[in-house]
Amino acid sequence: MRGSDDTGRTGEDGGAPAALAAELGTALGERATLVQFSSAFCAPCRATRRVLDEIAGMVPGVTHVEIDAEARLDLVRRLGIARTPTVLVLDAGGRVVRRAAGQPRKADVIAALGAAL
């Protein structure tokens, strides 16, 4: 994804995929999950939310989960989230297959989903 700070490494969740899924507090997508870390006054976060919601609506089995970075500092620190928005692409098992910081383009997110599907 554009603005990617770490596009090739996998297993970045720092623990078992099931543990990350439990920490998110929601069910993962059947095929993939787009996890967005946001903050309240972040304009690029709002645009990112729209893009990820649209993609999740277009691609069957893909879910978008938004996490308030300020409310989940424990998870932010554990995953090494340095700025918002940051998007993690999880595969069906909950493993991080891609991550990017900054506002992504729709085409880049769709391409990144290819690694998870």
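These values consider heavy atoms only, across backbone and side chains, with no hydrogens, waters or symmetry-generated copies.
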Just by distance, do the side chain of R99 and the backbone of L79 share a donor-acceptor pair under 3.5 Å?
yes
For V65, what residues pass the side chain to side chain contact (heavy atoms under 4.5 Å, CB included) criterion, not counting sequence neighbours?
T26, T33, T63, I67
Inspect the contact between K106 and D108 and indicate whether a charged nitrogen and a carboxylate oxygen are less than 4.0 angstrom apart.
no
Rounded distance (nearest 0.5 Å) linking atom CG of L88 with atom OG1 of T86:
7.5 Å
Distance-only, no hydrogens or angles: does the R72 side chain make a donor-acceptor pair with backbone N or O of E23 under 3.5 Å?
yes
Looking at every heavy atom in both G93 and L28, which two are closest together, and how far apart are they?
C-CD1, 4.4 Å
Residues which pass side chain to side chain donor-acceptor pair (under 3.5 Å) with D68, listed by chain and number, not counting sequence neighbours:
none
Which disulfide bond (SG atoms under 2.5 Å apart) pairs, counting each pair once, include a residue from residues 28-104, with sequence neighbours left out?
C42-C45
Could you state the interatomic distance from CG (D91) to CG (L113), rounded to the nearest 0.5 Å?
11.0 Å
Any disulfide bond (SG atoms under 2.5 Å apart) involving residues 63-117? Give me the pairs, sequence neighbours left out, ordered by first then second residue.
none
Tell me which one of V96, V97, V35 satisfies side-chain contact (heavy atoms from CB on, under 4.5 Å) with V89.
V97
side-chain hydrogen bond (donor to acceptor under 3.5 Å, both in side chains) contacts in which one or both residues fall within residues 40-50, not counting sequence neighbours
R49-E66
Non-neighbouring partners of S39 that pass side chain to side chain donor-acceptor pair (under 3.5 Å), sequence neighbours left out
T84
Using every non-hydrogen atom in the two residues, find where R83 and G102 come nearest and quote the distance to one decimal.
NH2-CA, 3.4 Å
Distance check, rounded to the nearest 0.5 Å: L73 atom CG versus I81 atom CD1?
11.5 Å
Connected via hydrophobic side-chain network under 4.5 Å: F37 and F41:
no
All heavy atoms of P104 vs all of V87, minimum pair found to be CG-CG2, 4.4 Å
Specify the closest pair of heavy atoms between P85 and Q103, including all atoms of both residues, with the distance to one decimal.
CG-N, 4.0 Å
